[in-house]
Amino acid sequence: MKNKLPLSFYKQDDVISVARALLGKNLYSLIDGQLTGGIIVETEAYRGPDDRGSHAYNNKRTPRNEMMYSSGGVVYMYICYGIHDMVNIVTGKEGMSHAALIRALEPIEGLDIMRDRRRIYGQDQRLCQGPGALAQALGLNKLHNGTDLQGDVVWITDEGKNFADDEVVASARVGMNFDGPYKTIPWRFSVKGNQFVSRPRM
DNA sequence: TATAGGATAGGCT
DNA sequence: GCCTATCCTATAG
């Protein structure tokens, strides 16, 4: 695969701008010889120790979130609600617990495979609509925790697609069950009007 | 060791 | 819009 994002992209300190910059990039997986992927249209930033919404809030360090502290350029996966696997891109230098959650893709590669994995037919806009959904469509689960994005299992490419600022919406992140400024800080980025963006309950 | 609850999604009312 | 599946993790005792 060509045009893979360089390691330097993931090592940037500012996970907020990384999350924003990921919009328009392509995320691929090659699992069991099956290539699947799509254009990233929705992300969220989770900024290490000061972010109340992050697993690494207050420098909390547990076996689950250990991967967030590794050097940028790997995948952090975990299970939410016992059912859904979440795909996060670890950013920053070693020891910085920053990560960007990939929340939705516009499917472009391996549509048949994704339909089979999701058992959804005739509603392609739902294939990768939501963080749990896209992980399932790409065949990713917690066993892929720590996968190197420079490898040939999961990777991100830049194929020249860019969304201008007026095509992007910054809004409050989803599922923040606490009070305080981080509940509403606009660290969720999505493509305006894009039909593949998830629609969480308000 | 026990237990509460979570960065959700789909189906049902 | 509401309900809950389903299980691993984080905490407390």
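Chain identifiers are assigned alphabetically (A, B, ...) following the order of the sequence lines, protein sequences preceding nucleic acid strands; residue numbering begins at 1 within each chain.
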Need the pair for [N]. Rule: Watson-Crick or G-U wobble, both distances under 3.5 Å, any strand; none if unpaired.
N: B/dA7; value: none
N: C/dG1; value: B/dC12
N: C/dT6; value: none

Of the nucleotides [options], which one has an atom closest to the side chain of [X]?
X: A/Arg103; options: B/dT8, C/dA5, B/dG11; result: B/dT8
X: A/Met68; options: B/dG10, C/dT9, B/dA7; result: B/dA7
X: A/Tyr76; options: B/dT8, B/dA7, B/dG10; result: B/dA7

Over all strands shown, is [X] touching base, sugar-phosphate only, or nothing at heavy-atom distances under 4.0 angstrom?
X: A/Arg64; value: sugar-phosphate
X: A/Arg118; value: sugar-phosphate
X: A/Gly82; value: base
X: A/Gly130; value: sugar-phosphate

Inset, instruction - Answer yes if the side chains of A/Asp50 and A/Tyr57 hold a donor-acceptor pair under 3.5 Å, and no otherwise. - result: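 Short answer, no.
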
Which whole-number value in Å describes the distance from [X] [atom1] to [N] [atom2]?
X: A/Ile79; N: C/dA10; atom1: CD1; atom2: P; answer: 12 Å
X: A/Ile120; N: B/dA9; atom1: CD1; atom2: P; answer: 11 Å
X: A/Tyr78; N: B/dT8; atom1: OH; atom2: P; answer: 7 Å
X: A/Asn88; N: B/dT8; atom1: CG; atom2: C1'; answer: 14 Å
X: A/Asn141; N: B/dT8; atom1: CG; atom2: C1'; answer: 16 Å
X: A/Asp85; N: C/dT6; atom1: CG; atom2: P; answer: 15 Å
X: A/Leu101; N: B/dG6; atom1: CG; atom2: P; answer: 17 Å
X: A/Asn65; N: C/dT9; atom1: CG; atom2: P; answer: 11 Å

Taking 4.0 Å as the cut-off, does a side-chain nitrogen or oxygen of [X] come that near to OP1 or OP2 on [N]?
X: A/His55; N: B/dA7; value: yes
X: A/Lys60; N: C/dT11; value: yes
X: A/Tyr81; N: B/dG6; value: no

Inset, instruction - Applying side chain to side chain contact (heavy atoms under 4.5 Å, CB included), run through A/Asn145 and A/Val75 and close with a yes or a no. - result: CA-CA 6 Å; A/Asn145 191 33; A/Val75 175; 5.9 Å; no

Inset, instruction - Assign the ring pair A/Tyr28 / A/Trp155 to parallel, tilted or perpendicular, where the plane angle (0 to 90°) is split at 30° and 60°. - result: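 Plane angle under 30°, so parallel.
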
Inset, instruction - Applying side-chain contact (heavy atoms from CB on, under 4.5 Å) between A/Thr36 and each of A/Leu30, A/Leu138, A/Leu111, report the one that passes. - result: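 That would be A/Leu138; it is the only one of A/Leu30, A/Leu138, A/Leu111 passing the side-chain contact (heavy atoms from CB on, under 4.5 Å) with A/Thr36.
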
Inset, instruction - Using the closest heavy atom to pick a nucleotide of DNA chain B for each, name whichever of A/Asn177 or A/Leu134 lands nearer the 5' end. - result: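 In this pair, the answer is A/Asn177.
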
Inset, instruction - Pick the P atom in C/dT6 and in B/dA2, then give their distance to the nearest Å. - result: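 To the nearest whole Å, 23 Å.
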
Legend entry - A/Arg61: partners by salt bridge (charged side-chain N to carboxylate O under 4.0 Å, His left out), with sequence neighbours left out: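 With sequence neighbours excluded, A/Arg61 shows a salt bridge (charged side-chain N to carboxylate O under 4.0 Å, His left out) to A/Glu66, given in chain and number order.
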
Legend entry - Residue A/Lys183 excluded, over 12 heavy atoms near NZ under 6.0 Å: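 Yes - once you tally the heavy atoms of other residues, nucleotides and ligands closer than 6.0 Å, there are more than 12.
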
